[in-house]
**Q** 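Below: one structure in structure tokens.
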Protein chains: 2
Amino acid sequence: MKRIHNKDDIVQVGLDLVLSKGFSATGVETILKQAKIPKGSFYNFFSSKEEFGLAIIDKFVEDRMEVLYPILADDSLPPLERVKKSFETIIAIFESNDCSKGCLLGNLGLEMSDHFENVRQRLEQSLQNWTKGLSELLLQAQDAHTIPAEINVEMLAENLISSFQGALLRSKVKKSAQPLKDFIHLYFNVFLSQREG
Amino acid sequence: MKRIHNKDDIVQVGLDLVLSKGFSATGVETILKQAKIPKGSFYNFFSSKEEFGLAIIDKFVEDRMEVLYPILADDSLPPLERVKKSFETIIAIFESNDCSKGCLLGNLGLEMSDHFENVRQRLEQSLQNWTKGLSELLLQAQDAHTIPAEINVEMLAENLISSFQGALLRSKVKKSAQPLKDFIHLYFNVFLSQREG
DNA sequence: TCAACTATTTAGACCGGTCTATGTAGTGGT
DNA sequence: ACCACTACATAGACCGGTCTAAATAGTTGA
């Protein structure tokens, strides 16, 4: 009886370790030990450590989608509220981890995109998908006159995600979620609020 | 005749390498080889690699201050224009590096602040100083009614820097400075523009 | 059942990581 | 000039990194 669980276990454990310690600082052996998989089996499942990197990105995005999709697709809330709530949900996860770890897309983006082209492209694709998801909602919000009409919604979606990543980074260094909360406040109560009819 | 130059050389070369490859991925031996310093001399100058990390942070901040201070202190420009110009200057440097490297404070923040408390604190201090510098100018801009009166300037200064870091990250992954330019546009032409008298 | 094949594991090659015990050379005090 | 002292360099210990050649275990088909 063959077992396929092993690869999933490596990805699961590896994702957690990389989120916590970074990609370079996480050794293959550490992952295997923690996943209780025999030393050396790693290279049956991944042809290189970089390919493992791609796998954890996919896993991270999948996990995150599972959490965020129901929120973004919740028709009972106005579009902009869904966007806001999706960010707040990630913030809650971040806080439950003592303001550590953060977002794999951001972490690997800074650590790897200069030197691992495949990783860079995978991250780019994931970020673009995320941007697309938000920009559709922002367009609806714009149609409903909830956000200013003169803003390009794709640009805004990308900027929202970027700024969120920046706030995540700032919160990590500060060990406090305050910058993330300020991000929510500034964007959703100040910058995007319609100041005139 | 003693030469004290060595330590500065290590810091100079090391800063460049860490900016390019990250902290974990940059080995002490690589730095020494590139700085043409005899193998092993490293630990005469730094008691640990972490302490070297602190030194390159200081060097990075010092270099950056040399570029930014004249801009931020330029009385011939209105305060908010100085803030904008300071960001544009960093963007120009980033573009001249093929949209790689980015900002050491952000890079190390994500890579190290969870596991190197001393580094985290040094980064926090540097970011706070930067925030302070900007918030003073923002306060002047607010007094001159250039930005909305209801915004807390310290919060805004921190958010500007965070969002800038996020845009830097996004631009790195995209290999294009467009997200950084959008950041400038959105903040300085949209979010902070006074839409009514 | 047994041979051929595939999936998994093992051991370890090989390299490069941080860091240290020791050696050497240059400096300053007397 | 000599001795103590400091600044620097050397070699290498020791560990852990990625990755691979070869052995083993499990599966399948005749």
Side-chain angles (χ1 to χ4, degrees), chain A residues 1-57 107-108 111-120 122, chain B residues 1-57 107-108 111-120 122:
Chain A
M1 173 176 304
K2 303 189 187 176
R3 216 22 287 148
I4 306 296
H5 287 120
N6 289 354
K7 184 164 178 173
D8 291 342
D9 290 349
I10 294 178
V11 170
Q12 174 94 14
V13 169
L15 169 56
D16 197 61
L17 281 169
V18 171
L19 266 174
S20 170
K21 312 198 319 174
F23 187 80
S24 292
T26 301
V28 165
E29 198 168 328
T30 309
I31 300 170
L32 292 172
K33 195 183 301 172
Q34 193 146 327
K36 298 200 186 91
I37 296 195
K39 172 185 175 180
S41 295
F42 187 88
Y43 287 89
N44 293 306
F45 303 111
F46 307 100
S47 65
S48 68
K49 200 187 173 192
E50 178 176 9
E51 206 189 284
F52 158 76
L54 299 177
I56 62 174
I57 292 171
N107 297 0
L108 295 191
E111 184 178 353
M112 302 183 72
S113 49
D114 278 355
H115 287 271
F116 296 85
E117 178 62 13
N118 293 332
V119 169
R120 200 206 108 239
R122 190 70 58 104
Chain B
M1 167 183 310
K2 303 188 187 181
R3 298 173 342 288
I4 308 297
H5 293 114
N6 289 355
K7 184 165 179 173
D8 290 343
D9 291 349
I10 293 178
V11 170
Q12 174 96 12
V13 169
L15 169 57
D16 198 62
L17 281 169
V18 170
L19 267 174
S20 170
K21 313 199 316 174
F23 187 81
S24 292
T26 302
V28 165
E29 198 168 330
T30 310
I31 300 169
L32 292 172
K33 194 184 300 173
Q34 193 146 325
K36 298 200 185 93
I37 297 200
K39 174 185 173 180
S41 294
F42 188 86
Y43 287 89
N44 292 305
F45 303 110
F46 306 100
S47 65
S48 68
K49 200 187 173 193
E50 179 175 8
E51 204 189 286
F52 158 76
L54 299 178
I56 62 174
I57 292 171
N107 297 0
L108 295 192
E111 185 178 352
M112 302 183 70
S113 48
D114 278 354
H115 287 271
F116 295 85
E117 177 62 14
N118 292 332
V119 169
R120 203 207 107 238
R122 190 70 58 104

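Below, chains carry the letters A, B, ... as their sequence lines are ordered, and counting in each starts from 1.
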**Q** Expressed in angstrom and rounded to an integer, what is the separation of A:Lys33 atom NZ from C:dT10 atom C1'?
**A**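 After rounding, the reported distance stands at 16 Å.
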
**Q** At what distance, to the nearest 0.5 angstrom, does CZ of A:Arg120 lie from CG of A:Asp114?
**A** 9.5 Å

**Q** Tell me the interatomic distance from A:Phe46, atom CZ, to C:dT8, atom C1', rounded to whole angstroms.
**A**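 Nearest whole value for this atom pair: 14 Å.
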
**Q** Within the pair B:Ser41 and D:dC8, is there a side-chain N or O less than 4.0 Å away from OP1 or OP2?
**A** no

**Q** Nucleotide by nucleotide, 5' to 3', does protein get under 4.0 Å of the base (B), only the sugar-phosphate (S), or neither (-) in nucleotides 15-22 of chain C, counting heavy atoms?
**A** --SSBB--

**Q** Scan for side chain to side chain donor-acceptor pair (under 3.5 Å) pairs involving residues 47-56 of chain B, sequence neighbours excluded, and state none if there are none.
**A**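 Residue pairs passing side chain to side chain donor-acceptor pair (under 3.5 Å), neighbours aside: B:Ser47-B:Glu51.
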
**Q** With rounding to the nearest 0.5 Å, note down the distance linking CD1 in A:Ile10 to CZ in A:Phe52.
**A**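 Between atom CD1 of A:Ile10 and atom CZ of A:Phe52 there are 8.0 Å.
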
**Q** Output the rounded distance in Å from CD (A:Glu51) to P (D:dC19).
**A**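 Between P of D:dC19 and CD of A:Glu51: 11 Å.
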
**Q** Taking distance alone, no hydrogens or angles, what donor-acceptor pairs closer than 3.5 Å link side-chain atoms of residues 17-38 of chain A to residues at least two apart or in another chain?
**A**
| residue | atom | partner | partner atom | Å |
| --- | --- | --- | --- | --- |
| A:Ser20 | OG | B:His115 | NE2 | 3.4 |
| A:Ser24 | OG | A:Glu111 | OE2 | 3.2 |
| A:Thr26 | OG1 | A:Gly22 | O | 2.6 |

**Q** Within the structure provided, determine whether A:Phe116 and A:Leu54 are in side-chain contact (heavy-atom separation under 4.5 Å).
**A** no

**Q** When you look at B:Phe45 and B:Asp9, which way does the side chain to side chain contact (heavy atoms under 4.5 Å, CB included) test go after all the steps?
**A** CA-CA 11 Å; B:Phe45 303 110; B:Asp9 291 349; over 6 Å; no

